[in-house]
Amino acid sequence: MKKLSFLLIFVLATFFLTAQNVGIGTTSPNAKALLDVSSTSKGILFPRLNTAQRNAISSPPDGLHVYNTDEHCLNYYDSTIGLWNCYCDNCRTVTINI
């Protein structure tokens with residue numbers, strides 16, 4: 001009985017640990033999405049950092065997103081040019097492509 005219980009726990013743990021996608025607010029996440037968030041009354045809240053805090057992130061990965069409280073804008077890291085960029089017209093970040 002002890003071996004059967006261990007086997008059952010092992011099989012269930014393996015099943016849950018190998019999930020391919022996660023759904024929040026949905027019981028059937030889209031198979032093409034790693035994370036599927038669904039709501040009709042809520043949104044996603046990105047980490048809120050000022051410019052100094054954002055710049056203090058060492059080796060940010062490409063595509064990292066934060067909400068910059070100084071610029072009041074969503075920023076993302078572009079590792080191709082090694083700079084933080086943003087989605088707003090009034091950003092203090094200036095990107096010059098040569």
Side-chain angles (χ1 to χ4, degrees):
M1 183 66 176
K2 193 173 188 180
K3 288 182 182 181
L4 181 60
S5 297
F6 177 76
L7 179 63
L8 181 60
I9 291 170
F10 178 77
V11 170
L12 288 174
T14 303
F15 174 77
F16 287 112
L17 292 176
T18 59
Q20 296 298 311
N21 51 9
V22 175
I24 298 174
T26 179
T27 56
S28 55
N30 187 298
K32 298 291 183 179
L34 183 60
L35 176 63
D36 186 351
V37 180
S38 181
S39 176
T40 58
S41 61
K42 297 178 182 180
I44 295 173
L45 189 58
F46 287 91
R48 298 163 306 281
L49 287 74
N50 62 35
T51 302
Q53 292 168 322
R54 180 203 68 188
N55 291 342
I57 299 172
S58 61
S59 303
D62 190 37
L64 181 68
H65 282 68
V66 299
Y67 180 79
N68 187 317
T69 57
D70 292 334
E71 296 176 352
H72 302 285
C73 187
L74 191 61
N75 293 179
Y76 65 93
Y77 189 74
D78 185 341
S79 65
T80 304
I81 56 176
L83 291 174
W84 285 94
N85 215 329
C86 68
Y87 295 104
C88 302
D89 291 334
N90 62 341
C91 290
R92 296 184 189 132
T93 304
V94 177
T95 304
I96 301 172
N97 294 318
I98 301 176

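The basis for the numbers below is simple: all heavy atoms, side chains too, and nothing from hydrogens, waters or symmetry mates.
Residues Trp84 and Val66 meet the side-chain proximity criterion, which asks for heavy atoms closer than 4.5 Å. With contacts defined as side-chain heavy-atom distances shorter than 4.5 Å, the pair Ile57/Leu49 qualifies. For the pair Arg54/Arg48, no side-chain contact is recorded, criterion being any heavy-atom separation below 4.5 Å from C-beta on.
Note that CG of Leu64 is 11.0 Å distant from OG of Ser79, once rounded to the nearest 0.5 Å. Within the model, atoms CG of Leu83 and OH of Tyr77 stand 7.0 Å from one another, a figure rounded to the nearest 0.5 Å. The CD1 atom of Ile44 lies 10.5 Å from the NE2 atom of His65; values are rounded to the nearest 0.5 Å.
Asn75 and Asn68 are linked by a side-chain donor-acceptor pair at a separation below 3.5 angstrom, with hydrogens and angles left out of the test. Remark: the Thr69 side chain and the Asn50 side chain contain no N/O donor-acceptor pair separated by less than 3.5 Å.
Between Cys88 and Cys73 the SG-SG gap is short of 2.5 angstrom.
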*Going through the distances and angles, do Thr51 and Asp70 end up as a side chain to side chain donor-acceptor pair (under 3.5 Å)?*
CA-CA 6 Å; Thr51 302; Asp70 292 334; 3.1 Å; yes
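Side-chain atoms of Asn21 do not come within 3.5 Å of backbone N or O of Leu35 as any donor-acceptor pair.
Under the 4.5 Å side-chain heavy-atom criterion for ILVMFWY residues, a single connected hydrophobic cluster contains both Val37 and Val22.
Relative orientation of the Tyr76 and Tyr87 rings is tilted, given thresholds of 30° and 60° on the angle between their planes.
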